[in-house]
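Order of the sequence lines sets the chain letters (A, B, ...), proteins ahead of strands, with each chain counted from 1. It should be emphasised that the depicted structure is a prediction, and the values quoted were computed from it without experimental measurement.
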There are 2 protein chains.
Amino acid sequence: MNDKFYELPPEKQQRILNAAMEVFGLNEYKRASTDLIAVKAGVSKGLLFYYFYNKKELYLFLFHYVADIMRKQIVNQKFQKITDFYELLAYSAVEKAKILEKNPYILEFAVKAFYSDKEDVSEDLKKMTTDQIKNVYAEYFAHLDLSKFKEDANPMYVYKMLVWMADGYMHDMKMNGKPVETDVLMKEFNTWMRMLKKLTYKEEYQDENHRD
Amino acid sequence: MNDKFYELPPEKQQRILNAAMEVFGLNEYKRASTDLIAVKAGVSKGLLFYYFYNKKELYLFLFHYVADIMRKQIVNQKFQKITDFYELLAYSAVEKAKILEKNPYILEFAVKAFYSDKEDVSEDLKKMTTDQIKNVYAEYFAHLDLSKFKEDANPMYVYKMLVWMADGYMHDMKMNGKPVETDVLMKEFNTWMRMLKKLTYKEEYQDENHRD
DNA sequence: TCTTAGATTGACCGTCCTGGTCAATCCCTT
DNA sequence: AAGGGATTGACCAGGACGGTCAATCTAAGA
């Protein structure tokens, strides 16, 4: 791709990336039209191909862009220092919300990108798929003190429940055309967390307060 | 449409409907190709147009088909007799799972159909949208005895949480290529329900058993 | 004010895919 | 074997596709 893309005003860069993520996220590769991307980005098709020489390059750029964001979210220092399960969840929920505010279609793009056939796109993507994504969980849980959980509680379970609820909530908001406001989401999220904490933590740990 | 469609072997009917729901569910109307539908249904394009005279008719047929399924799920007698919140949820979860087993792409289709612009499709659909869907909630809660809830618990909230988790669970399964088995899903679902019941029901009601 | 180099446009191209048609075949019943 | 409906796929005209490029716009330096 053309490095001059990075010299564009950040707002314009983002507009282009978001438009591309939207179209690739909502349609599969072959049916995702560069015309539509250009229109949604408010930019001529010519310009799109001036920065990204062809469709496949644009797609691959997005792929790495998204993978990068995900990687950065996890290999972040503050992240590594948190040992309390619920505290980590609260923290990463905030991070996730920030990312989603900036990249509204990143989830749709990621789902389509990582979980579909990719028949059309280059081979080197097939390496970075399900297996690596599953590793994310391992890394995510690596530094946690899970001894606070009751014997019969399953942290992975709790994790997934909260993720599903947050996704469902955000999905609901989107459907109703309302933007997801980070602080409102966090209030909800904290309620859910408090409930689950009560159910899954040993009594002596239930009343720990979260820092903020 | 051609009424002879109903005389086809039910398995073939379903194959065609599923293929169509998949393609319409995954692409927006204009970009949903009848070629693809025919291929996915294992049927020639000619036949598709023999039963449904054109694309719009096929789409409208699907729309009513789906709306019908949803309506039937709710206006079902057994449904009306259940007064316990959690019992109703358990029951309707089973129903939903059955429907999804038979119509794997019904959710995707419904979401796209009810929540997108419909610029391309006939006007008469715009009536039957968000408003009516919101009414579903009202009807859903109409016969319930909500006095079993603690003062500070919000039933709508609990409802949504469980729906989100079930959707998330099913989504996860689909991503990993595993079919959603009704009984496994129900075991999960019951666990979540028991947890939430403990948190939200007044103590004297917490230990009621569900019938099955 | 003029020059110029780079950013940006949109009309344009050949190709492929689209919704839709239909004569030809297949398959079943009689 | 004959008849009729079910089914096929080659075929069509038009549109959308990825991609190109000469023409224009913009801004900064002279």
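B:Glu57 places its CD atom 10 Å from the P atom of C:dG20, with the value rounded to the nearest Å. To the nearest angstrom, C1' of C:dG20 lies 13 Å from CG of B:Leu58. Rounded to an integer number of Å, the gap from CG of B:Asn54 to P of C:dT21 is 8 Å. Remark: C1' of C:dC13 and CZ of A:Phe49 are 14 Å apart, rounded to the nearest angstrom. Going from atom CE of B:Met1 over to atom P of D:dA6 covers 13 Å, rounded to whole Å. For B:Lys56 and C:dG19, the NZ to C1' distance is 13 Å, given to the nearest whole Å. Residue B:Phe24 contributes atom CZ, which lies 11 Å from atom C1' of C:dG19 at whole-angstrom precision. For the pair A:Glu28 CD and C:dC17 C1', the interatomic distance rounds to 14 Å; values are reported in whole Å.
Regarding contacts with the backbone of D:dT7, a side-chain N or O of B:Tyr51 is found under 4.0 angstrom from either OP1 or OP2. At D:dA6, one or more side-chain N or O atoms of B:Lys4 fall inside 4.0 Å of OP1 or OP2 (strictly under the cut-off). Phosphate contact (OP1/OP2 of D:dC17, side-chain N/O of A:Ser33, threshold under 4.0 Å): present.
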side-chain hydrogen bond (donor to acceptor under 3.5 Å, both in side chains) between A:Tyr51 and A:Gln13, intermediate numbers included: CA-CA 10 Å; A:Tyr51 289 120; A:Gln13 286 182 41; over 6 Å; no
Residue pair A:Glu101, A:Lys98: steps toward the salt bridge (charged side-chain N to carboxylate O under 4.0 Å, His left out) verdict: CA-CA 5 Å; A:Glu101 208 156 354; A:Lys98 273 191 221 156; over 6 Å; no
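We find that A:Lys72 and A:Asp68 are joined by a salt bridge, their nearest charged nitrogen and carboxylate oxygen being less than 4.0 Å apart. Using a cut-off of 4.0 Å between Lys/Arg side-chain N and Asp/Glu carboxylate O, A:Glu11 and A:Arg15 are scored as salt-bridged.
For A:Phe5 and A:Phe52, the gap between ring centers is short of 6.0 Å. No close placement of the B:Phe189 and B:Tyr86 rings is indicated, their centers lying 6.0 Å or farther apart.
Using bins of under 30°, 30° to 60° and over 60° for the plane-to-plane angle, the ring pair B:Tyr59/B:Phe109 lands in the tilted bin. Between B:Phe85 and B:Phe149, the ring planes are perpendicular. Angles over 60° get that label, and only those under 30° would be called parallel. Using a 30° and 60° split on the angle between ring planes, B:Phe61 and B:Tyr6 fall in the tilted class, from 30° to 60°.
In this structure, of D:dG5, C:dG19, D:dG19, it is D:dG19 that holds the atom nearest to the side chain of A:Lys55.
Annotation: proximity of residues 34-48 of chain A to DNA chain D (heavy atom, distance under 4.0 Å) is found for A:Thr34, A:Asp35, A:Lys45, A:Gly46, numbered in ascending order. Shown for residues 5-16 of chain B: residues whose heavy atoms fall under 4.0 angstrom of DNA chain D, namely B:Leu8, B:Lys12.
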